[in-house]
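Report on the following structure.
Predicted model, so just to flag it, every value in this text is computed and none were measured.
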Amino acid sequence: MHSPAHADSIDPHAIRVLLTGFGPFRKYKENPSWLAIKPLHNAVFYAEPPADPVSLSDQAIITDDMEPMSIHITCLEVPVNYQAVLATVPGFHTRPPVLPTPSDPAFALPPPPPNGYDFMFHLGVAGRGPLRMEKLSHKNGYRMKDADDQYAPIVHLPKEVGLPRDPAVPEGSDMSEMERMERFLGLVSSPSVPGHPVEGGNDNADHPPNRGFGKGYENFPEELHTEIDVAKLINHLKESGTEQVYSSMDAGHFISDFMFYCSLAESKRMASRQEKFKERSTPSKCTPVLFMHVPPVDQPLSTAEVTEAIRRVVIWVCGRLNS
């Protein structure tokens with residue numbers, strides 16, 4: 001049982017981190033991403049600042065106080081649903097943040113930080129293998145149905161803007177989008193599963209519409225990249241004992257990719273809004289956002305091993321935030 005932290009019990013100077021995992025999806029009655037983060041709900045880490053402090057952009061940090069940093073963790077489960085992502089993720093980035101009320105009272109949420117979270121780390125499940133630290137997210141090309149059998153919103157693209165070829169499918173390959181996604185998610189070892197179509201796949205749509213981010217996201221580019229130095233983070237993890245991890249440039253064009261893009265876009269939107277209406281009482285900041293895919297439990301990493309990797313990521317990133 002996790003007791004919710006009260007406002008007066010959270011260090012007002014603590015670094016505040018929001019971790020999200022996904023809810024049930026097809027064969028996963030409890031999503032491995034949620035299993036890995038939920039032991040960290042309301043946890044407090046104490047991290048020493050780096051010996052040679054640098055920010056996420058490698059600029060030197062000057063701090064008056066180099067005492068151990070307090071890091072408070074809030075964990076939230078998000079449904080595997082496109083509309084749920086669109087309805088909740090923008091609220092993560094408002095000042096103060098607005099989060100949905102969890103259905104499980106054991107994971108009641110503490111009061112959010114008035115000036116927003118300092119770091120957002122989203123997690124989802126992929127297939128068997130190492131941890132996958134995603135570098136970029138995609139605006140368009142979402143063709144797979146979510147856990148509630150719904151598609152992402154239709155977005156009409158200008159004729160001169162075509163969808164990029166999927167880098168995970170070799171040129172000339174007849175692998176369908178359905179087969180690629182199921183392999184990515186580790187849902188099957190053989191190609192196709194009836195009853196879970198994607199447009200242009202099993203539902204006989206020869207020219208499926210583009211789906212992704214439309215109204216409200218017109219001014220954002222086709223790809224958004226995390227500002228966190230993923231290469232350095234992975235080196236740190238490997239040196240710290242988390243060896244089964246690598247970086248990825250393909251977040252999958254499914255709900256994880258959708259969540260990653262939405263969170264990166266909303267972080268940039270809020271930073272831009274703050275800059276435009278800057279107030280001394282509310283410092284402008286672009287909240288760093290990261291996404292990591294985790295494997296199914298014990299394929300090969302245990303839940304405890306993934307949880308420890310998450311802890312190491314949080315401490316490393318928070319140690320490099322601009323003061």
Side-chain angles (χ1 to χ4, degrees), residues 17-41 43 45 73-81 84-85 89 107 119-138 144 146-147 168 180-189 226 228 230-231 233-238 240-264 288-318:
V17 176
L18 179 64
L19 300 181
T20 71
F22 282 111
F25 172 60
R26 288 171 61 175
K27 73 176 184 180
Y28 300 114
K29 293 182 179 179
E30 196 162 15
N31 199 300
S33 63
W34 174 241
L35 286 172
I37 69 167
K38 71 178 189 178
L40 300 176
H41 185 55
F45 304 150
I73 307 297
T74 298
C75 296
L76 181 69
E77 185 180 39
V78 179
V80 180
N81 178 288
V85 170
V89 172
F107 293 92
F119 172 40
M120 290 192 200
F121 191 13
H122 307 297
L123 296 103
V125 66
R128 178 185 182 89
L131 301 169
R132 297 170 47 127
M133 205 73 69
E134 302 297 343
K135 286 187 171 183
L136 64 86
S137 59
H138 301 92
M144 190 174 179
D146 62 25
R180 189 190 78 79
M181 280 307 311
E182 286 173 342
R183 291 182 186 183
F184 180 91
L185 294 168
L187 295 173
V188 290
S189 54
T226 181
I228 294 168
V230 170
L233 171 56
I234 288 176
N235 286 338
H236 166 75
L237 290 173
K238 291 185 175 181
S240 303
T242 301
E243 296 181 358
Q244 298 200 52
V245 59
Y246 69 101
S247 65
S248 164
M249 298 287 283
D250 178 18
H253 286 93
F254 187 45
I255 201 77
S256 294
D257 204 342
F258 199 78
M259 163 79 89
F260 194 21
Y261 187 95
C262 191
S263 194
L264 285 168
V289 175
L290 188 62
F291 195 101
M292 185 172 76
H293 274 111
V294 308
V297 178
D298 296 326
Q299 296 186 29
L301 298 170
S302 68
T303 295
E305 288 174 313
V306 176
T307 302
E308 174 58 19
I310 293 167
R311 187 189 69 85
R312 289 171 177 170
V313 170
V314 168
I315 291 174
W316 187 89
V317 171
C318 290

(request) With sequence neighbours left out, write down each residue that passes side chain to side chain donor-acceptor pair (under 3.5 Å) with Glu305, or none if nothing qualifies. (result) Ser302

(request) Would you confirm whether Thr307, through its side chain, and Ile37, through its main-chain N or O, come within 3.5 Å as a donor-acceptor pair? (result) no

(message) On a heavy-atom basis, which atom in Val125 and which in Pro296 lie closest, and how many Å separate them?
(response) CG2-N, 4.1 Å

(request) Return yes if some donor-acceptor pair links the side-chain N/O of Asp298 with the main-chain N/O of Pro300 below 3.5 Å, else return no. (result) no

(message) Less than 4.5 Å apart, side chain to side chain, heavy atoms only: is that true for Trp34 and Pro24?
(response) no

(request) Could you give me the CA-CA distance, side-chain angles and deciding distance for Leu264 and Leu136, then say whether side chain to side chain contact (heavy atoms under 4.5 Å, CB included) is met? (result) CA-CA 9 Å; Leu264 285 168; Leu136 64 86; over 6 Å; no

(request) Check whether any side-chain heavy atom of Val294 sits under 4.5 Å from a side-chain heavy atom of Leu35, and report yes or no. (result) no

(request) Could you pull out all residues at least two apart from Asn31 that satisfy side chain to side chain donor-acceptor pair (under 3.5 Å)? (result) Ser33

(message) Do Leu290 and Leu233 make a side-chain contact, defined as non-hydrogen atoms from C-beta onward lying under 4.5 Å apart?
(response) yes

(request) Locate the shortest heavy-atom distance separating Asp257 from Gly252; write the atom from each residue and the value. (result) OD2-N, 3.6 Å

(message) Set out, in order, the CA-CA distance, both residues' side-chain angles and the distance that settles side chain to side chain contact (heavy atoms under 4.5 Å, CB included) for Met133 and Ile228, then state yes or no.
(response) CA-CA 11 Å; Met133 205 73 69; Ile228 294 168; over 6 Å; no

(request) Taking the side chain as every heavy atom from C-beta outward, state whether Cys318 and Val17 have any atom pair closer than 4.5 Å. (result) yes

(message) Restricting to salt bridge (Lys or Arg N to Asp or Glu O under 4.0 Å), what partner residues turn up for Glu30, sequence neighbours left out?
(response) Lys38

(request) Output all residues satisfying side chain to side chain donor-acceptor pair (under 3.5 Å) with Thr20, sequence neighbours left out; order by chain, then residue number. (result) His122

(request) Could you walk me through whether Met259 and Val89 pass the side chain to side chain contact (heavy atoms under 4.5 Å, CB included) test, one step at a time? (result) CA-CA 8 Å; Met259 163 79 89; Val89 172; 3.4 Å; yes

(request) Would you indicate whether the side-chain heavy atoms of His293 and Leu123 approach each other to under 4.5 Å? (result) no

(message) Taking the side chain as everything from C-beta on, heavy atoms only, tell me whether Val306 gets closer than 4.5 Å to Val297.
(response) no

(message) side chain to side chain contact (heavy atoms under 4.5 Å, CB included) for Arg26 and Val80? Distances and angles first, verdict last.
(response) CA-CA 10 Å; Arg26 288 171 61 175; Val80 180; over 6 Å; no

(message) According to ring pair (Phe, Tyr, Trp, His ring centres under 6.0 Å), who are the partners of Phe119, at least two apart in sequence or on a separate chain?
(response) Phe121

(request) Could you tell me whether the side chain of Arg132 reaches within less than 4.5 Å of the side chain of Tyr246, counting heavy atoms only? (result) yes

(message) For Arg312, give me all partners under side-chain contact (heavy atoms from CB on, under 4.5 Å), at least two apart in sequence or on another chain.
(response) Leu237, Ser240, Thr242, Glu308

(request) Flag the pair Phe254 / Phe22 as yes when their ring centroid distance falls below 6.0 Å, and as no otherwise. (result) no

(request) Nearest 0.5 Å please: distance from the OG atom of Ser247 over to the CE atom of Met292. (result) 13.0 Å

(message) Do Glu134 and Ser248 make a side-chain contact, defined as non-hydrogen atoms from C-beta onward lying under 4.5 Å apart?
(response) yes

(message) Students often mix this up, so state it plainly: with edges at 30° and 60°, are the rings of Phe291 and Phe260 parallel, tilted or perpendicular?
(response) tilted

